[in-house]
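A short worksheet on the structure shown next.
Letters go in sequence order (proteins before strands), and every chain restarts at 1.
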Protein chains: 2
Amino acid sequence: MKIGALASRSGVPVKTLRYYEELGLLPAIGRSEGGYRLFDEDSLPRLEFIRRLKALGLSLEEIQSCLAVHDAGELPCHDIQVMLNHQIERIDARMKELHQLRGELQGLLADWQNDPTKQGGVICPNLKV
Amino acid sequence: MKIGALASRSGVPVKTLRYYEELGLLPAIGRSEGGYRLFDEDSLPRLEFIRRLKALGLSLEEIQSCLAVHDAGELPCHDIQVMLNHQIERIDARMKELHQLRGELQGLLADWQNDPTKQGGVICPNLKV
DNA sequence: TTAGAGTCTCCTGATGAGTGGAGAGTCAAG
DNA sequence: CTTGACTCTCCACTCATCAGGAGACTCTAA
């Protein structure tokens with residue numbers, strides 16, 4: 001299967017497939033006489049796997065290390081578990097930050113609403129026209 | 001005031017000041033005979049303003065458009081309000097996404113815990129060793 | 001006068017995950 | 001044999017926000 005066929009069957013753009021191959025995420029089984037990359041059927045579930053882990057917020061680098069474990073002959077489920085746990089921790093930290101930021105923004109806007117004469121109190125005070 | 005003095009008084013690195021000046025966020029009042037950028041005292045509250053809006057998660061581009069309104073002779077408080085509202089909306093959307101993602105991850109991990117024989121059920125099924 | 005500190009412009013790189021295009025080569029059908 | 005679709009490599013660019021360094025110039029203090 002050449003790259004275009006894999007692209008249309010998987011829905012992943014040709015450019016992206018080449019990029020994945022370059023990163024080592026998606027090995028080609030070889031090249032044709034003319035130098036075209038050749039992929040086998042296994043590329044399809046592999047791309048699906050990549051897609052799923054990407055959708056879960058894992059980076060290509062993390063996905064690659066999962067696949068490396070897999071390619072070493074071991075199902076990477078344990079590693080995936082570990083990474084998913086890390087990912088949950090990251091999400092919690094990010095949500096906490098966002099929550100705090102949102103509170104700050106909300107407070108500023110509330111002050112503005114309650115006392116329009118403040119004209120931006122903490123934000124604009126030193127900025128003169 | 002030369003760029004180094006502004007850097008030490010504001011705490012903003014020289015490189016960053018040059019970058020801001022290049023973007024038009026922080027106009028220099030001119031150049032010395034030797035070609036050195038010269039800044040006035042107004043640069044300090046301006047940098048403080050930039051710092052505050054940055055801390056609130058606004059991009060330099062958004063800050064620049066606030067400053068453009070300000071420089072046109074109008075206090076940009078209304079525009080800032082509008083942008084802060086947008087920012088809150090963005091945060092809400094992002095938090096919703098993260099919440100959903102977290103739920104998915106948590107669910108996957110819970111399945112794994114409850115039934116280790118699944119070995120990754122929805123994630124690894126098509127990936128054969 | 002000289003040393004050293006400060007500043008200038010320009011170039012490169014870093015992060016992540018690609019996208020776009022140029023120019024050349026390959027392949028299959030008519 | 002030709003045409004058009006496909007693919008190749010290589011390079012630049014995207015988004016944001018700078019950081020690092022080279023090589024040259026300017027300014028200040030002793």
Side-chain angles (χ1 to χ4, degrees), chain A residues 1-40 43 46-47 49-67 83 86-87 90-91 94 97 101, chain B residues 1-40 43 46-47 49-67 83 86-87 90-91 94 97 101:
Chain A
M1 180 167 35
K2 285 184 292 184
I3 201 167
L6 181 56
S8 61
R9 289 181 62 188
S10 66
V12 178
V14 169
K15 282 277 188 185
T16 304
L17 293 177
R18 276 199 277 258
Y19 180 60
Y20 286 176
E21 195 235 348
E22 186 189 352
L23 291 186
L25 283 173
L26 182 72
I29 53 175
R31 296 288 179 121
S32 72
E33 288 183 10
Y36 290 5
R37 287 171 186 81
L38 296 176
F39 299 92
D40 58 12
S43 297
R46 197 173 177 96
L47 281 171
F49 177 80
I50 294 170
R51 194 196 59 71
R52 266 195 304 272
L53 262 63
K54 247 168 64 71
L56 291 171
L58 296 179
S59 69
L60 294 184
E61 195 178 5
E62 289 169 311
I63 296 171
Q64 187 172 12
S65 69
C66 288
L67 285 167
M83 281 188 222
H86 284 164
Q87 181 66 1
R90 277 202 298 271
I91 287 174
R94 183 69 187 137
E97 279 175 16
L101 181 54
Chain B
M1 178 165 41
K2 284 182 293 185
I3 202 168
L6 181 57
S8 59
R9 287 180 64 189
S10 66
V12 178
V14 168
K15 282 277 189 184
T16 305
L17 294 176
R18 275 198 276 259
Y19 178 62
Y20 286 178
E21 195 236 348
E22 186 190 350
L23 292 185
L25 282 173
L26 182 71
I29 54 176
R31 295 288 178 121
S32 72
E33 289 182 10
Y36 290 5
R37 285 171 186 82
L38 297 175
F39 298 94
D40 59 12
S43 296
R46 197 172 176 97
L47 280 171
F49 176 80
I50 292 170
R51 192 195 60 71
R52 267 195 304 272
L53 262 62
K54 246 168 64 70
L56 291 171
L58 296 179
S59 70
L60 293 183
E61 194 179 8
E62 287 169 312
I63 296 171
Q64 187 172 13
S65 70
C66 287
L67 284 167
M83 280 190 223
H86 283 163
Q87 181 68 0
R90 277 201 298 271
I91 287 174
R94 183 71 186 135
E97 279 175 16
L101 181 53

### Message
Without decimals, in angstroms, what is the distance between B:Leu38 CG and C:dT7 C1'?
### Response
11 Å
### Summary
Between B:Lys2 and B:Leu38, the two heavy atoms sitting closest are CG-CD2, 3.9 Å
### Side-chain touch B:Arg46/B:Leu67, heavy atoms, less than 4.5 angstrom
yes
### Query
Between CD1 of A:Ile3 and OG of A:Ser10, what distance do you get to the nearest 0.5 Å?
9.5 Å
Report all interatomic pairs (protein N or O, nucleotide N or O of nucleotides 27-30 of chain C) with separations under 3.5 Å.
from, atom 1, to, atom 2, distance (Å)
C:dC27, OP1, A:Gly34, N, 3.1

### Members of residues 17-25 of chain B that approach DNA chain D, where some heavy atom sits under 4.0 Å away
B:Tyr19, B:Tyr20
### Student check: side-chain heavy atoms of B:Leu17 and B:Leu47 closer than 4.5 Å
yes
### Message
My understanding is that only residues two or more places apart in sequence, or in another chain, count here; which of them pass side chain to side chain contact (heavy atoms under 4.5 Å, CB included) with A:Arg51?
### Response
A:Glu48
### Task
For D:dT7, take OP1 and OP2 only and decide whether either is under 4.0 Å from a side-chain N or O of A:Arg37.
no
#### Entry: Atom-to-atom span, CG of B:Leu6 to P of C:dC8 - whole angstrom
11 Å
#### Entry: Residue pairs involving residues 15-32 of chain A (criterion side-chain hydrogen bond (donor to acceptor under 3.5 Å, both in side chains); sequence neighbours excluded)
A:Glu21-A:Arg37
### Task
Calculate, to the nearest 0.5 Å, the distance between atoms CG and OG belonging to B:Leu25 and B:Ser43 respectively.
11.5 Å
### Length of the CD-C1' vector between A:Glu62 and C:dG16, whole Å
12 Å
### Message
Using the side chain to side chain donor-acceptor pair (under 3.5 Å) criterion, which residues pair with B:Glu62? Sequence neighbours excluded.
### Response
B:Ser59, B:Arg90
### Task
With P as the reference atom in both, quote the distance from C:dC11 to D:dA12 in angstrom, rounded to an integer.
13 Å
### Task
Would you tell me if any nitrogen or oxygen in the side chain of A:Thr16 comes within less than 4.0 Å of OP1 or OP2 on C:dA17?
no
### Task
Figure out the CD1/P separation between B:Ile3 and D:dA19, and round it to whole Å.
12 Å
#### Entry: A:Pro13, nearest nucleotide to its side chain (from D:dC8, D:dA19, C:dT19)
C:dT19
### Query
Is there side-chain contact between A:Ile29 and A:Phe39, with at least one heavy-atom pair below 4.5 Å?
no
### Task
Indicate the atoms forming the closest heavy-atom contact of A:Pro27 with A:Gly24, along with that distance.
CD-O, 4.4 Å
## Note on the structure
In this structure, CD of A:Gln64 is separated from CG of A:Leu53 (nearest 0.5 Å) by 12.5 Å
### Message
Work out how far the P atom of D:dC11 is from that of C:dT12, and round it to whole angstrom.
### Response
13 Å
### Query
In terms of side-chain heavy atoms of A:Arg31, which of D:dC8, D:dT17, C:dA17 is nearest?
D:dC8
Contacts under 3.5 Å, N or O only, protein and nucleotides 11-14 of chain D:
none

### Side chain to side chain, A:Ile63 and A:Lys54, heavy atoms closer than 4.5 Å
yes
### Query
Does a side-chain heavy-atom distance below 4.5 Å link A:Leu26 with A:Leu6?
yes
### Task
Measure the distance from CG on B:Leu26 to P on D:dT17 and round it to the nearest whole Å.
15 Å
#### Entry: Heavy-atom closest contact (B:Pro13 atom, B:Ala7 atom, distance)
C-CB, 4.4 Å
#### Entry: Degree of bending, the helix from C:dT15-D:dA16 to C:dG30-D:dC1 (end axes from five pairs; round to 10°)
40°
